[in-house]
Amino acid sequence: MGQDGLVTFWPAPHVDVPVHATVTLPGSKSITNRALILAALADGPSTITGALRSRDTDLMIAALRALGTSISGDADTLHVTPAKLGGGTVDCGLAGTVMRFLPPVAALATGDVAFDGDAQARVRPLRTILDALRGLGADIDGDALPFTVHGKGALRGGPVTIDASGSSQFVSGLLLSAARFDQGLTVHHDGKALPSMPHIEMTVEMLRRADVRVQAPEDSRKAQTWVVEPGPIRAVDWDVEPDLSNATPFLAAAAVTGGEVKIPHWPRLTTQPGDVIREILVRMGAEARVFDGILTVRGPERLAGIDIDLHDVGELTPTVAALAALADSPSLLRGIAHLRGHETDRLAALSTEINRLGGKVTETEDGLEIVPTPLHGGAWHSYADHRMATAGAILGLRVPGVEIEDIGTTAKTLPNFVSLWEHMLNDGAAH
C-alpha cells in the first residue's frame with residue numbers, strides 16, 4: 001500500500017544480460033526471534049549480534065518490551081535484560097513467530113496479555129497452540145486472533161499431545177518456553193508428517209546452547225515426542241547467521257539469467273532450511289560452491305525442470321516455482337499441502353499469479369505442477385506475502401512488464417529488498 005492507502009505497483013527490473021553481483025544479507029528472522037525469546041526468559045542479560053531488523057523482528061521486540069523485558073540497541077546489536085513479566089498488549093502483525101511463540105511466554109507473565117494482529121492474521125490457525133497451553137494449565141479466552149492470555153506468573157506444564165502438521169511453529173513455540181514451566185514439557189505430535197523439520201531442529205539446537213536439557217527424536221522423519229526438563233535458561237550471547245531463505249531470490253537471479261551471484265558469510269553448518277537452495281539449483285543445472293565462507297552460484301545456459309518434495313523446506317516454494325516457470329522442462333513440487341495455511345494460501349496464489357502471466361500451473365493435492373510456457377508482463381499480486389513478492393521479482397528479470405503489487409511487504413523479513421535487488425543489477429552492469 002502507498003501512504004495514501006492506494007495500492008502501489010513496482011515495475012520489476014528486467015535484464016537481458018547475465019547478472020553478476022555480490023549480495024550481503026542481513027540476519028535470519030527465524031534465529032533472531034528465537035534468540036529474543038530465549039534472552040527474555042534467560043537467567044541474566046545477553047547480547048544478540050547480527051540481529052535482523054524487519055517488521056517481524058520489530059514486532060517481537062515491541063511485544064517483549066510490552067511484557068516488561070528491557071531491550072536496547074537500535075541497529076543489529078541488541079542488549080536484552082530479562083525482568084519479571086507482566087500484562088500488556090501484543091501486536092502480532094502477520095508474524096507467525098510472534099503469534100505462536102509468545103502465548104507460552106504470556107502464560108508465564110503476571111497479568112492479562114491481549115493479542116491481535118493484521119486482518120489477514122485473524123484467519124491463521126492458532127487453536128493448536130492455544131489448546132495445548134490450556135492443557136498445560138493456561139487460562140486463555142479465544143481460539144484465534146484476537147485472544148487474551150490470563151497470565152498467572154507460572155505454568156504447570158507436563159505432557160501434551162498436539163497435531164502440528166499445520167505448522168512446525170506450534171512445536172517450536174512450546175519448546176522455547178518449556179524449561180520455565182513448573183514440570184517442564186513433554187510434547188507429542190500426533191498427526192501427519194511434520195512440515196519444516198529444520199526449524200524445529202534449529203529450536204532444539206538453540207535451547208541446548210542455552211543449557212536447556214532437551215530430548216529430541218533421533219530420526220526427524222519419525223519425529224513424534226520432545227521432552228524439555230524444567231530449569232533455568234542460561235544467558236547466551238547470540239551471533240545471528242544471515243537469512244538463507246532471503247538469499248534464495250538473489251541466487252535464483254543468477255540461475256535464470258545465466259549469471260553469477262556471490263553471498264558472503266554462508267554458514268558451513270546450519271539448521272536453516274534455506275541452505276537446501278544449493279542442492280535445488282544444482283539439480284536444475286546451476287553450479288553452487290562454498291569457498292572461504294562465500295557461496296557462489298553460477299547459472300546454466302538452460303534451466304532444467306525439477307521433481308522435488310519440498311515438505312521440509314516449504315518456504316522455498318515461491319522461489320522454486322518462479323525458477324520452474326522459467327525452466328525449459330516441466331516441474332512437480334510435492335509435499336507442500338501445508339502451504340495453504342501460510343501468510344496466504346501460497347499454492348493458490350502461485351498458480352493464480354503465474355497463470356495470469358500466461359503460465360501453465362496446476363494445483364495438485366499436495367503441490368504444484370508447472371509446465372513452462374512463454375510468459376508476458378502484467379500485474380503480480382503479492383497477497384501481503386513477502387515470498388510471493390520476491391517470486392514476482394525473479395520472474396520480472398526474464399519477463400518484461402511485470403508489475404508487483406505492494407513490494408513493501410518484503411519488509412516483513414528483508415526491509416531493504418528493493419535497494420538490494422537494484423544494487424545487484426547495477427553491480428552486474430559494471431562487469
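- Scanning both residues, A391 and A322, for their nearest heavy atoms gives O-CB, 3.7 Å.
- Judged by distance alone, the side chain of S382 and the main-chain N or O of M388 form no donor-acceptor pair under 3.5 Å.
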Exercise for review: Take T257 and R398 through the side-chain hydrogen bond (donor to acceptor under 3.5 Å, both in side chains) test and state the conclusion after the steps.
Suggested key: CA-CA 7 Å; T257 66; R398 288 274 304 277; over 6 Å; no
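- Between atom CD1 of residue I31 and atom CD1 of residue I48 there is a gap of 11.0 Å, rounded to the nearest 0.5 Å.
- Considering only heavy atoms from C-beta on, H188 stays 4.5 Å or farther from V160 through its side chain.
- K152 pairs by the salt bridge (charged side-chain N to carboxylate O under 4.0 Å, His left out) definition with D139, not counting sequence neighbours.
- For R127, the salt bridge (charged side-chain N to carboxylate O under 4.0 Å, His left out) test picks out D131, D143, with sequence neighbours left out.
- Under a 4.0 Å N-O distance rule, the pair R356/E353 qualifies as a salt bridge.
- Side-chain atoms of D243 never come within 3.5 Å of backbone atoms of S28 as a donor-acceptor pair (strictly under, hydrogens ignored).
- Counting heavy atoms from C-beta outward, L78 and T47 have side chains that stay 4.5 Å or more apart.
- Here the straight-line distance linking atom CZ of R134 with atom CG of D141 works out to 7.5 Å at 0.5 Å rounding.
- Taking 4.5 Å as the limit, some side-chain heavy atom of W421 sits within range of a side-chain heavy atom of P13.
- Here Q272 contributes atom CD and T270 contributes atom OG1; the two are 4.0 Å apart, rounded to the nearest 0.5 Å.
- Looking only at distances, a side-chain donor or acceptor of T203 sits under 3.5 Å from a matching main-chain atom of H199.
- Contact between P230 and G184 at its shortest, heavy atoms only, is CB-N, 3.7 Å.
- Paired with M202 under the rule side chain to side chain contact (heavy atoms under 4.5 Å, CB included), one option of S196, S172, S30 passes, and it is S30.
- For R100, the side-chain contact (heavy atoms from CB on, under 4.5 Å) partners are R124, P125, L126, S167, Q169, F170, not counting sequence neighbours.
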Exercise for review: Under the ring pair (Phe, Tyr, Trp, His ring centres under 6.0 Å) rule, what do W380 and F9 come out as? Steps first, then yes or no, please.
Suggested key: CA-CA 9 Å; W380 174 275; F9 283 86; over 10 Å; no
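- Between the T97 side chain and the N33 main chain, no donor and acceptor come within less than 3.5 Å of each other.
- Electrostatic pairing of E363 and R340 counts as a salt bridge here, judged by a charged N lying under 4.0 Å from a carboxylate O.
- Residues passing the salt bridge (charged side-chain N to carboxylate O under 4.0 Å, His left out) test with D239: none are found, sequence neighbours excluded.
- Checked options T413, D406, T410, N246; the residue passing with H386 is T413 (criterion: side-chain hydrogen bond (donor to acceptor under 3.5 Å, both in side chains)).
- With sequence neighbours excluded, no residue forms a side chain to side chain donor-acceptor pair (under 3.5 Å) with D76.
- A donor-acceptor pair is defined here as one N or O able to donate and one able to accept, closer than 3.5 Å; no such pair exists between the side chain of R156 and the backbone of Q183.
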Practice item. Report the C-alpha distance between L281 and L323 in whole Å, list the side-chain angles of each, state the deciding distance to 0.1 Å, and finish with yes or no for side-chain contact (heavy atoms from CB on, under 4.5 Å). Key: CA-CA 9 Å; L281 290 168; L323 287 163; 3.8 Å; yes
Exercise for review: Tell me, with the steps shown, if L133 and L174 meet side-chain contact (heavy atoms from CB on, under 4.5 Å).
Suggested key: CA-CA 8 Å; L133 288 168; L174 291 169; 3.9 Å; yes
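- Contacts of R334 classified as salt bridge (charged side-chain N to carboxylate O under 4.0 Å, His left out), with partners at least two apart in sequence or in another chain: D307.
- Using modelled atom types and a 3.5 Å distance limit, the side chains of R387 and T319 yield no donor-acceptor pair.
- Checked by atom type and distance alone, the side chain of D163 pairs as donor or acceptor with a backbone atom of S165 at under 3.5 Å.
- Residues passing the side chain to side chain donor-acceptor pair (under 3.5 Å) test with E229, sequence neighbours excluded: R213.
- Annotation: side chain to side chain donor-acceptor pair (under 3.5 Å) contacts of D112 (sequence neighbours excluded): H150.
- Here the rule is side chain to side chain contact (heavy atoms under 4.5 Å, CB included) with L41, and of S177, P104, P82 only S177 fits it.
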Point to revise | Test log, rule side-chain contact (heavy atoms from CB on, under 4.5 Å), inputs I37 and L102 | key: CA-CA 8 Å; I37 297 258; L102 265 174; 4.1 Å; yes
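- The closest side-chain donor-acceptor pair between E405 and H381 falls under 3.5 angstrom.
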Show me the side-chain donor-acceptor pairs of residues 63-72 shorter than 3.5 Å, one per line, residues at least two apart or across chains.
residue : atom : partner : partner atom : Å
R65     : NE   : I71     : O            : 3.0
R65     : NH2  : I71     : O            : 2.6
T69     : OG1  : L64     : O            : 3.4

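- Evaluation of the side chain to side chain donor-acceptor pair (under 3.5 Å) rule for R55 yields D118 as partners, not counting sequence neighbours.
- Taking CG of L347 as the reference point, atom OG1 of T364 lies at 7.5 Å (rounded to 0.5 Å).
- Within the structure, every pair that satisfies the ring-ring contact (aromatic ring centres under 6.0 Å, His included) test and touches residues 84-116, not counting sequence neighbours, is listed here: F115-F147.
- L414 CG to T409 OG1: the interatomic distance, rounded to the nearest 0.5 Å, is 11.5 Å.
- For T49 (side chain) and T77 (main-chain N/O), no donor-acceptor pair under 3.5 Å exists by modelled atom type.
- Side-chain atoms of D211 do not come within 3.5 Å of backbone N or O of R234 as any donor-acceptor pair.
- For the pairing with L326, the side chain to side chain contact (heavy atoms under 4.5 Å, CB included) check across L397, L395, I370 returns one residue only, L395.
- Taking both residues in full, the closest heavy atoms of A253 and M424 are given as CB-CE, 3.6 Å, listed atom of the first, atom of the second, then distance.
- Annotation: the span from E279 atom CD to I306 atom CD1 amounts to 7.5 Å, rounded to 0.5 Å.
- Among residues at least two apart or in separate chains, there is no ring-ring contact (aromatic ring centres under 6.0 Å, His included) pair with a member in residues 32-90.
- Between I394 and A252 the shortest heavy-atom distance is CD1-CB, 3.8 Å.
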Exercise for review: Decide yes or no on salt bridge (Lys or Arg N to Asp or Glu O under 4.0 Å) for K412 and D56, but give the supporting numbers first.
Suggested key: CA-CA 5 Å; K412 182 175 161 59; D56 278 19; 2.9 Å; yes
**Study point:** Evaluation steps, side-chain contact (heavy atoms from CB on, under 4.5 Å), between I61 and L36
**Key:** CA-CA 7 Å; I61 291 166; L36 282 163; 3.8 Å; yes
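- Counting heavy atoms from C-beta outward, E260 and V297 have side chains that stay 4.5 Å or more apart.
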